**Student:** 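Please read through the structure below; I'll follow up with questions.
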Amino acid sequence: MTTEHRDAEPTNSRPPSMADVATVAGVSHQTVSRVLNDHPNVREDTRQRVLQAIEQMGYRRNRAARALATARTSTIGILTVGNSNFGPANTVLGIESAARAEGYFVSVSSLEASDAAGAQLALGHLVDQGVDGIIVVAPLAEVAQVVERASLNVPVVVVAANPLAEPTDALRYVCADQRFGARAVTEYLIELGHRQIAHVVGQENWIDAAERRTEWRKVLEEHAVQGREYRAEGWSAADGYAVGRQVADDIAAGQGPTAVFAANDYIALGLLRALWERGLQVPDDVSVVGFDDVESSAFYIPALTTVRQPFGALGKSAMSALSALSAGEPGGEGRFAATLEPELIVRASTAPPRAAKD
């Protein structure tokens, strides 16, 4: 057995092949192939022997050859808005982790502009690479419209809470339930006694932001509570700071809210800074709530009440939906393959309004 192993070891001139693994394990080339492809008709002791030989020899699959043989590249494409936005960036990380676990490579294409032409170009770039499927992490109305109109000949999963999406044989949506999160925030503030609740609206063309705004307004109407909208120019703390100065002016004029629900945690951070500069105490003078639960939100002063989005689980759900579509399975009911619920995280930035405490 020892001599056979030595004879089967590859020379330094080439990496070990599947035939080398077969020789060392004492099985056929076909059996090695079955083990590599998780075929069920392989005895467990044989499977373990092959896996041991693979590890011992450092064998790695020739994916280029596999692609030629199967017309599949074992690569998925991800279309995203880039790494500057916390939610999409963390969802992409979840997809990459799930894809690697299933043996896929990942090719990422980032949108430089959120217009239809840019989305079409980026999608075409991924298709030209021969990807087996595409996951879109760009919850923008323009991008969703391009994806739904395109004939890409590969399965596509979009990560967004798009209420207008229509299912097709090759397109599904997965999302965190943005309305659920917005309702949780608004009802919580009402339960604390707030009757003037503002919302800092995110960028208008973001599907998820529009969903949060819609539900915030709906809950206010259900409880006959007053609301006011402030619009941020972007998603950054600087954008929140600009809005925070407006909020502070309104409070000083006696027309401001007692609670503010910000479209994300970075906007909330800017709000906290602006309110602090104007001498307003959070939460004594005004409560502040964010959305996303960025890693640093628990360390703001005060610690930020927010909504934790399940970004890692979203990535896994998107990959599962893509695999189901690739296998010709339904992948969920209707347009959504998965809808996940976010979680309200209560911290020190919220409290009953001063009037209720008095």
Side-chain angles (χ1 to χ4, degrees), residues 84-91 176-194 196-203 206 208-209 211-213 215-216 219 227-248 251 256-312 341-354 356-357:
S84 60
N85 298 97
F86 179 81
N90 279 270
T91 303
D177 191 335
Q178 304 299 312
R179 294 198 182 200
F180 180 92
R183 175 170 286 272
V185 169
T186 312
E187 289 184 339
Y188 166 68
L189 292 173
I190 291 172
E191 288 171 3
L192 287 178
H194 292 280
Q196 295 175 311
I197 302 172
H199 179 44
V200 183
V201 183
Q203 287 179 267
W206 282 65
D208 292 357
E211 287 288 278
R212 295 171 206 164
R213 175 189 176 276
E215 195 66 15
W216 162 77
V219 175
R228 178 171 179 177
E229 288 185 19
Y230 296 88
R231 187 165 296 280
E233 294 298 322
W235 294 104
S236 71
D239 297 309
Y241 177 80
V243 172
R245 293 171 65 88
Q246 292 179 259
V247 173
I251 292 175
T258 61
V260 181
F261 167 27
N264 77 351
D265 288 352
Y266 293 125
I267 291 174
L269 174 59
L271 279 166
L272 292 176
R273 172 64 186 240
L275 296 170
W276 173 78
E277 286 185 353
R278 295 296 182 90
L280 293 168
Q281 299 292 318
V282 176
D284 292 341
D285 296 315
V286 58
S287 290
V288 175
V289 182
F291 210 96
D292 284 346
D293 193 28
V294 301
E295 292 181 357
S296 56
S297 61
F299 298 93
Y300 292 178
I301 299 177
L304 185 66
T305 295
T306 186
V307 174
R308 178 177 296 160
Q309 296 217 67
F311 295 119
E341 291 184 355
E343 177 186 5
L344 177 66
I345 305 297
V346 176
R347 298 191 180 107
S349 67
T350 48
R354 191 183 296 275
K357 289 184 284 188

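One-based numbering along the sequence shown. As a basis for the values below, the full set of heavy atoms in this structure was taken, side chains included, without hydrogen atoms, waters or symmetry mates. Since this is a predicted model, take the numbers as computed values, not measurements.
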**Student:** For R212, enumerate each residue passing the salt bridge (Lys or Arg N to Asp or Glu O under 4.0 Å) test, keeping only those at least two apart in sequence or located in another chain.
**Tutor:**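 In terms of salt bridge (Lys or Arg N to Asp or Glu O under 4.0 Å), with neighbours along the sequence ignored, R212 is linked to no residue.
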
**Student:** Please report the interatomic distance CD(E343) to CZ(F180), rounded to the nearest 0.5 Å.
**Tutor:** 9.5 Å

**Student:** Hey, does P302 have a side-chain heavy atom less than 4.5 Å from the side chain of S349?
**Tutor:** yes

**Student:** For a quick test of reading the model, state the closest non-hydrogen atom pair linking A263 to W235 and the distance between them.
**Tutor:** CB-CZ3, 3.6 Å

**Student:** For R273, what residues pass the side-chain hydrogen bond (donor to acceptor under 3.5 Å, both in side chains) criterion, not counting sequence neighbours?
**Tutor:** E277

**Student:** On a heavy-atom basis, which atom in G202 and which in R231 lie closest, and how many Å separate them?
**Tutor:** O-NH1, 3.4 Å

**Student:** Shortest non-hydrogen contact from P342 to V307?
**Tutor:**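 So the minimum-distance heavy-atom pair works out to CB-CG1, 3.5 Å.
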
**Student:** Looking at every heavy atom in both P353 and T258, which two are closest together, and how far apart are they?
**Tutor:**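 Shortest heavy-atom separation between P353 and T258 comes out as CB-CB, 4.1 Å.
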
**Student:** Run the side chain to side chain contact (heavy atoms under 4.5 Å, CB included) test against A184 and tell me which residues pass, sequence neighbours left out.
**Tutor:** L344

**Student:** With sequence neighbours left out, what residues match N90 under side chain to side chain contact (heavy atoms under 4.5 Å, CB included)?
**Tutor:**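 In terms of side chain to side chain contact (heavy atoms under 4.5 Å, CB included), with neighbours along the sequence ignored, N90 is linked to F86, L93, F311.
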
**Student:** When rounded to the nearest 0.5 angstrom, what distance separates CD1 in I197 from OG1 in T186?
**Tutor:**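 So the CD1 of I197 and the OG1 of T186 are separated by 6.5 Å.
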
**Student:** Report the residues that fulfil side-chain hydrogen bond (donor to acceptor under 3.5 Å, both in side chains) with T350, sequence neighbours left out, ordered by chain and then residue number.
**Tutor:** Y188, T305

**Student:** Taking salt bridge (Lys or Arg N to Asp or Glu O under 4.0 Å) as the definition, give me every residue that meets it alongside R245, ordered by chain and number, with sequence neighbours left out.
**Tutor:**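 Not a single residue meets the salt bridge (Lys or Arg N to Asp or Glu O under 4.0 Å) criterion with R245.
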
**Student:** Looking at residues at least two apart in the chain, or sitting in another chain, which of them share a side-chain hydrogen bond (donor to acceptor under 3.5 Å, both in side chains) with R347?
**Tutor:** D293, S297

**Student:** Q281: which residues meet the side chain to side chain contact (heavy atoms under 4.5 Å, CB included) condition with it, sequence neighbours left out?
**Tutor:** D284, D285

**Student:** H199: which residues meet the ring pair (Phe, Tyr, Trp, His ring centres under 6.0 Å) condition with it, sequence neighbours left out?
**Tutor:** W216, F261

**Student:** Would you mind reporting whether L271 and V200 have side-chain heavy atoms less than 4.5 Å apart?
**Tutor:**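 Yes. Closest side-chain heavy atoms under 4.5 Å.
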
**Student:** Taking all heavy atoms of A262 and all of I267, pick out the closest pair and write down the distance.
**Tutor:** CB-CG2, 3.9 Å

**Student:** I'd like to check L304 versus V288 (side-chain heavy atoms, cut-off strictly below 4.5 Å). Are they in contact?
**Tutor:** yes

**Student:** Side chains of P257 and I251: closer than 4.5 Å at any heavy-atom pair?
**Tutor:**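 Result yes, sub-4.5 Å side-chain heavy-atom pair found.
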
**Student:** Taking only residues two or more places apart in sequence or in another chain, which ones pass side chain to side chain contact (heavy atoms under 4.5 Å, CB included) with L269?
**Tutor:** A237, Y300

**Student:** I'd like to know if the side chain of Q178 and the backbone of A176 have a donor-acceptor N/O pair within less than 3.5 Å.
**Tutor:** yes

**Student:** Looking only at heavy atoms, what is the nearest atom pair of E341 and P310, with distance?
**Tutor:** O-CG, 4.3 Å

**Student:** What residues, two or more places apart in sequence or in another chain, satisfy salt bridge (Lys or Arg N to Asp or Glu O under 4.0 Å) together with E187?
**Tutor:** R183

**Student:** Output all residues satisfying side-chain hydrogen bond (donor to acceptor under 3.5 Å, both in side chains) with D292, sequence neighbours left out; order by chain, then residue number.
**Tutor:** Q309

